[in-house]
Visitor: 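Here's a structure for you.
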2 protein chains.
Amino acid sequence: MSQRKVISLDDLRVACRNCSLTSLCLPMGLAPEDIERLDEIVKRNRPLHRGDFLFREGDRFRSLFVVKTGSVKTFAPSPEGGEQVLGFHLPGEVIGLDAIDKDAHACSAKVLETSAICEIPFARLEELTMSIPSLQHQMYRLLSKEIGQDTELLLLLGKKNAEERLAAFLLSLSKRLHKRGLSATDFYLSMSRHEIGNYLGLAVETVSRLFTRFQDDGLMRVDRKHIQIIDQDALEALVGGIGQHRRQQQQS
Amino acid sequence: MSQRKVISLDDLRVACRNCSLTSLCLPMGLAPEDIERLDEIVKRNRPLHRGDFLFREGDRFRSLFVVKTGSVKTFAPSPEGGEQVLGFHLPGEVIGLDAIDKDAHACSAKVLETSAICEIPFARLEELTMSIPSLQHQMYRLLSKEIGQDTELLLLLGKKNAEERLAAFLLSLSKRLHKRGLSATDFYLSMSRHEIGNYLGLAVETVSRLFTRFQDDGLMRVDRKHIQIIDQDALEALVGGIGQHRRQQQQS
DNA sequence: CGAACGGTTGATACGGCTCAAGTCTGGTGG
DNA sequence: CCACCAGACTTGAGCCGTATCAACCGTTCG
């Protein structure tokens, strides 16, 4: 991944004293005193519970949030009362980057289960990046990465069928959990089928049927929120689009 | 838009000596000498022609590109030979932000028509942002804005039907052109129906039928690539989702 | 002139949404 | 501790939107 020959992500995750900072100081050669300075501006709030809001759409933007443990969903309430789930955020992931532009949150963030969340006042972080080049670069990377992830999801929604979407979703969860040292093959979903469907652009019933099918096909075991992935390769194959999708391929 | 009481976007567009810089120096109070410094690192290449590449997937990331005139599409080639169109970029828009993270381009960028494109070496820009706080802030905003835009598109692909997608696409083009001083109601499409369909996750035939329908309904006049918007309000209404969509609304 | 390509239009098939029952689980109160 | 209820999930049947297949038209270009 990292082209510039620096410390690997995993090395640095350990080096970071506060796990909530890993996302920010991952792949850069931050001097210990710089890590110290970064560490000082981070607020460690008391644990939040299911249903608590980190922020709501329209709130003034003050801080970025980093999930330490637990999970958070971000969503855009739509005028008609519904909502569009924009993402699920697992430990180590940063929330709120989309609010910098307008200086206000464009979406809401709600805690899915009891979670520890760190808060990083953006104004102070921005000051800090002015004097620590590698931290500034890391911020650019963080923002850029978010764009790349959105792009992937975009591809998912534009081109993949229901099966491929759910498979991709599960693999994404699996990989992200694994990156944080949790099991990649045995985990609990903190979101409802409804939320999964909303996120993937599918009806609840479709999601439910697919879980059943995946289990019947021996790809995984599903017991309510408990997921055990049995055949990861088969899942990857589903996503990769081995199966014939729709058309939608052509050039200029 | 701009919460912080600074010069408006439009004021500054004029102030910028080089129109290609507008995206970067839009809403900040850049001192004249800073604009000068920014201006100095911008390369003005000779015009590119239809089919030329700005960069290809996998290329090492060196520069951001800003469209001065013309248009560019970005797309991700898929292993099977097809491609996913990720975006169309009009004058004033910045290309390449998603490449910062991995220091390599994750997509390709191809010129759709004869275009003038400026190149900004990122390493030099990054140096510059270290010494100009408002430029740094503007970079954060630019990246953040890109995230917000992706999110919008994501919503489009996840929740909207064909009609709403095409309407949203046309309105988006219209507004972006208008922002650059071009006509919002009379313009030429530089991309093919195929590319539009690919971008919106629709089959070419569907796009074609919708253009016909929109014209029959008196929303616009369509003559090949020439689009004249007649009833913008009706288009807005289509997008807003006045019509009943699918379900996909619920909470946690 | 003919071939290639982009675009339009029609007929048909099918994936996934919708509607409609159920089933299971967890929480609450008697 | 059980009865009850509400909400999450599952399962089935049918329908609708859009992809797909196919034919055709107009334009461009060699």
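Residue numbers start from 1 in every chain, and the chains themselves are labelled A, B, ... in the order their sequence lines are given, proteins ahead of strands. Just so you know, these numbers come straight off a predicted model, no measurement behind them.
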Visitor: Give the intermediate values and the outcome of ring pair (Phe, Tyr, Trp, His ring centres under 6.0 Å) for residues B:F75 and B:Y199.
Guide: CA-CA 9 Å; B:F75 61 99; B:Y199 177 62; over 10 Å; no
Visitor: Scan nucleotides 9-15 of chain D nucleotide by nucleotide, 5' to 3', and note B when protein non-hydrogen atoms come under 4.0 Å of the base, S if they reach only the sugar-phosphate, - if neither.
Guide: SBBBB--
Visitor: How many whole angstroms separate atom NZ of B:K159 from atom P of D:dG17?
Guide: 18 Å
Visitor: Would you tabulate the nitrogen or oxygen pairs shorter than 3.5 Å linking the protein to nucleotides 28-30 of chain D?
Guide:
none

Visitor: Could you tell me whether the side chain of A:S115 and the main chain of A:S71 form a donor-acceptor pair under 3.5 Å?
Guide: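 It does hold such a pair.
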Visitor: Any side-chain donor-acceptor pair under 3.5 Å between A:S63 and A:E119?
Guide: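 Yes.
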Visitor: Whole Å only: how far is the CG atom of B:L166 from the P atom of C:dG7?
Guide: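 So the two atoms are 13 Å apart, to the nearest Å.
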Visitor: Short question: side chain of A:K160, backbone of A:V239 - any donor-acceptor pair under 3.5 Å?
Guide: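 Indeed, once roles are kept as given, a pair shorter than 3.5 Å links the two residues.
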Visitor: Find the distance B:R213:CZ to C:dT9:P and express it as a whole number of Å.
Guide: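 Taking CZ of B:R213 and P of C:dT9, I get 13 Å after rounding.
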Visitor: Are A:E83 and A:K73 ion-paired here, with the side-chain N under 4.0 Å from a carboxylate O?
Guide: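 Yes, charged N to carboxylate O under 4.0 Å.
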Visitor: Sort out for me which residue in B:V207, B:L202, B:I196 forms a side chain to side chain contact (heavy atoms under 4.5 Å, CB included) with B:R165.
Guide: B:L202
Visitor: Can you tell me how far C1' of C:dG6 sits from CD of B:E195, to the nearest Å?
Guide: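 Rounded to whole Å, this separation is 11 Å.
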Visitor: Nearest whole Å is fine: how far is C:dC17 P from A:N161 CG?
Guide: 11 Å
Visitor: Just the rounded figure in Å: distance from C1' of C:dC24 to CG of A:D223.
Guide: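 Taking atom C1' of C:dC24 as the reference, CG of A:D223 is at 11 Å.
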Visitor: Report the distance from atom CG of A:L157 to atom P of D:dT18, rounded to the nearest whole Å.
Guide: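 For the pair A:L157 CG and D:dT18 P, the rounded distance is 15 Å.
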Visitor: For the side chain of A:N198 and the backbone of A:V85, is there at least one donor-acceptor N/O pair under 3.5 Å apart?
Guide: yes
Visitor: Quick one: which of B:D186, B:T185, B:L182 gives a side chain to side chain contact (heavy atoms under 4.5 Å, CB included) with B:L177?
Guide: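 Answer to the side chain to side chain contact (heavy atoms under 4.5 Å, CB included) test with B:L177 among B:D186, B:T185, B:L182: B:L182.
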Visitor: Taking five pairs at each end, how big is the angle between the two axes of the helix from C:dC1-D:dG30 to C:dG30-D:dC1, to 10°?
Guide: 40°
Visitor: Does a side-chain N-to-carboxylate-O contact under 4.0 Å join A:E236 and A:K175?
Guide: yes
Visitor: Please verify the inter-ring angle class for A:H105 with A:F61; under 30° counts as parallel, over 60° as perpendicular, anything in between as tilted.
Guide: perpendicular
Visitor: Answer yes or no: is there a side-chain heavy-atom contact under 4.5 Å between A:R221 and A:I229?
Guide: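 Answer no - side chains too far apart.
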Visitor: Measure from CG on B:L202 to C1' on C:dG7 and round the result to the nearest Å.
Guide: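 Taking CG of B:L202 and C1' of C:dG7, I get 16 Å after rounding.
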